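Reviewing the structure listed below.
Because the structure is predicted, anything quoted here is derived from the model rather than measured.
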2 protein chains.
Amino acid sequence: MATGRTHRPATRSRGIPEATVARLPLYLRALTALSERSVPTVSSEELAAAAGVNSAKLRKDFSYLGSYGTRGVGYDVEYLVYQISRELGLTQDWPVVIVGIGNLGAALANYGGFASRGFRVAALIDADPAMTGRQVAGIAVQHSDDLEKIVSDNGVSIGVITTPPGVAQQVCDRLVAAGVTSILNFAPTVLSVPDGVDVRKVDLSIELQILAFHEQRKAGEEHEGTVPPVAAHQDSSEQGPDGDVPAVMPA
Amino acid sequence: MATGRTHRPATRSRGIPEATVARLPLYLRALTALSERSVPTVSSEELAAAAGVNSAKLRKDFSYLGSYGTRGVGYDVEYLVYQISRELGLTQDWPVVIVGIGNLGAALANYGGFASRGFRVAALIDADPAMTGRQVAGIAVQHSDDLEKIVSDNGVSIGVITTPPGVAQQVCDRLVAAGVTSILNFAPTVLSVPDGVDVRKVDLSIELQILAFHEQRKAGEEHEGTVPPVAAHQDSSEQGPDGDVPAVMPA
DNA sequence: ATGTCTTTGTGAACGCGTGCACAAAGATGG
DNA sequence: CCATCTTTGTGCACGCGTTCACAAAGACAT
């Protein structure tokens, strides 16, 4: 899960649990694949396998949306695709702006998964004048001076931040002030936003660090009984807080 | 959080909860910033604010690592940086391969957050012969025919998949067979791996869909008392599973 | 119609994560 | 050495999410 979570707990909408909402796109993807193969119906067991989850969980998830299955048969694929799409709000068009057209911003602009799910890249914005006017993914990059105008003219409510961390908060503030109420943040920074604004965070470095933790654990368990991987002092807080401890972390 | 989760529950290592592990990198980042400003100590309250979490949660998280704080004073920044780095396994070098050097792969190769945290891009791999030999982020792209050799020669245990979804599973299988035991998957596919291999998933499209859900909910709640956003049929399972329902989802 | 077989939908139990609230610990000043 | 004040570390309760297990519902064959 490259998925950091930054959510106020008031996410409970009409009663669909947040965990369920997070899985709906997964089901939708699996269902779309089935739909393309013209499979008419699917059982919870099959669909769960395709989505990589437990079948009981899947059934409970769907039960929050209503009773869309037929006992003894399964779920109608097309119907379910429609229901989930509607529930997720994908039956409408979502204009999105991407701020910060570096490597990552450009990658996102080219990413097919956006357009294919009701999301439309309305504008690319960058602070570098040298970028202004350049075409990325067939869209002309605009200067960040015009950010507010771009957002309001296009009715943008979702913004993607792919800037360096130093300016992310400032960009975020301007987006929010201009009317954006949902932000997908790729900058490694904690964004503070007013109530009513949703922030989701994607942090590549964090994901790798979590993997490293488990990787280290695996390596350490191979030779059981040995002292843990690196140093040795495992015991209580003997060692004073100041002094000899090397600062291993690079900038 | 752009963080999808795909984890076997056996993640429990020596007792550090998975949720805590996921937050350690956050603390580490905040602490590193403090360290650069030469701040000697920090209270749980301050650090929690910087990391964007509750202070009680932070203290409980740290309590799993041991008693590293001083009551009445707070935590020693340098010492804590070291302890967390060690716990996450960042005191050692992790060679990483990136497979699939498209827009996203190139963006990751250039991403600073990798090198700065003990991760080293050992190789870039792509299936396109036209890419072979091209320099990306100062590293020559190698052909995927040599994947197995590259992995074993460099002792790589962490692989990053940024290929198109169609080949992701196949690439994953080859990585695992070559000895990779941790995978960060950016392809929108459910990867199946043998036990003992960790997969974390970053799915940009899913994050946007979750945002769209909340966005739609906000829009719908503005005019309270109205019927929910799109259509109207909210009631029980009247409508038969087959028939009139339009398939709105594009491919 | 009736019986059998498949699959859904959900009640209930369990476990993890979160947050409150407070006692213990130590620093600091007199 | 004692009193006070700050801040940690944690026991406890609560709520969410997951999973099991099964009854209800419907399809299908006879």
Side-chain angles (χ1 to χ4, degrees), chain A residues 1 3-13 15-24 26-27 40-49 51-77 79-80 83 236-238 240-242, chain B residues 1 3-13 15-24 26-27 40-49 51-77 79-80 83 236-238 240-242:
Chain A
M1 150 188 136
T3 295
R5 300 268 158 80
T6 310
H7 261 298
R8 64 190 198 296
T11 317
R12 268 284 141 95
S13 57
I16 301 183
E18 182 63 18
T20 296
V21 172
R23 279 188 295 268
L24 290 181
L26 231 54
Y27 302 144
T41 62
V42 66
S43 72
S44 65
E45 205 71 48
E46 293 168 311
L47 186 54
V53 302
N54 187 298
S55 73
K57 197 188 303 193
L58 178 142
R59 286 198 300 276
K60 180 147 288 191
D61 282 344
F62 286 175
S63 78
Y64 292 116
L65 309 182
S67 287
Y68 294 148
T70 308
R71 298 178 189 226
V73 175
Y75 298 91
D76 182 87
V77 171
Y79 186 60
L80 204 46
Q83 289 299 342
S236 33
S237 56
E238 182 62 36
D242 47 7
Chain B
M1 77 185 204
T3 293
R5 301 268 157 81
T6 310
H7 261 297
R8 64 189 199 294
T11 316
R12 268 286 142 95
S13 57
I16 302 185
E18 183 62 18
T20 295
V21 173
R23 278 188 295 267
L24 289 182
L26 232 54
Y27 303 145
T41 62
V42 65
S43 72
S44 65
E45 204 71 48
E46 293 168 312
L47 184 55
V53 303
N54 186 300
S55 73
K57 198 187 306 192
L58 178 142
R59 286 197 299 275
K60 181 151 289 191
D61 284 342
F62 285 175
S63 78
Y64 292 115
L65 308 183
S67 288
Y68 293 150
T70 307
R71 300 180 189 224
V73 174
Y75 298 91
D76 182 88
V77 172
Y79 187 60
L80 204 46
Q83 289 299 342
S236 33
S237 57
E238 182 61 37
D242 45 9

Respond yes when some side-chain nitrogen or oxygen of A:Tyr75 is under 4.0 Å from OP1 or OP2 of C:dG9, and no when none is. yes
Pairwise N/O distances under 3.5 Å, protein to nucleotides 18-20 of chain C:
unit_1: C:dT18; atom_1: OP1; unit_2: B:Arg23; atom_2: NH1; d: 2.9
unit_1: C:dT18; atom_1: OP2; unit_2: B:Arg23; atom_2: NH1; d: 3.3
unit_1: C:dT18; atom_1: OP2; unit_2: B:Arg23; atom_2: NH2; d: 2.9
unit_1: C:dG19; atom_1: OP2; unit_2: B:Lys57; atom_2: NZ; d: 3.2
unit_1: C:dG19; atom_1: O6; unit_2: B:Lys60; atom_2: NZ; d: 2.7

Calculate the interatomic distance between A:Arg59 atom CZ and D:dT18 atom C1'; express it in whole Å. 13 Å
Separation between CZ (A:Arg59) and CG (A:Asn54), nearest 0.5 Å, reads 8.0 Å
Base, sugar-phosphate alone, or nothing: which one does A:Phe62 contact when heavy atoms must sit under 4.0 Å apart? nothing
Sugar-phosphate atoms are those with a prime plus P, OP1 and OP2; base atoms are the rest. Using that split, label each nucleotide of nucleotides 25-30 of chain D B, S or - for protein heavy atoms under 4.0 Å, 5' to 3'. B-S---
In whole angstrom, what separates B:Leu58's CG from D:dT8's P? 9 Å
About how many Å separate OG1 of A:Thr41 and CD of A:Glu46, when rounded to the nearest 0.5 Å? 7.5 Å
Between OG1 of A:Thr70 and OH of A:Tyr79, what distance do you get to the nearest 0.5 Å? 10.0 Å
The reported gap from CZ in A:Arg23 to OG1 in A:Thr20 (rounded to nearest 0.5 angstrom) is 5.0 Å
If the cut-off is 4.0 Å, is B:Ser44 near the phosphate of D:dT8, judged by side-chain N/O to OP1 or OP2? yes
Is there a side-chain contact between B:Leu65 and B:Leu24 (heavy atoms, below 4.5 Å)? yes
Interatomic distance where CD belongs to B:Glu45 and P belongs to D:dG9 [whole Å]: 14 Å
Going from CG on B:Leu47 to OH on B:Tyr27, what distance comes out if it is rounded to the nearest 0.5 angstrom? 8.0 Å
Those residues that, when tested against B:Ala49, pass side chain to side chain contact (heavy atoms under 4.5 Å, CB included) (two or more places apart): none
Kindly say whether the aromatic ring centers of B:Tyr68 and B:Phe62 come within a distance under 6.0 Å. no
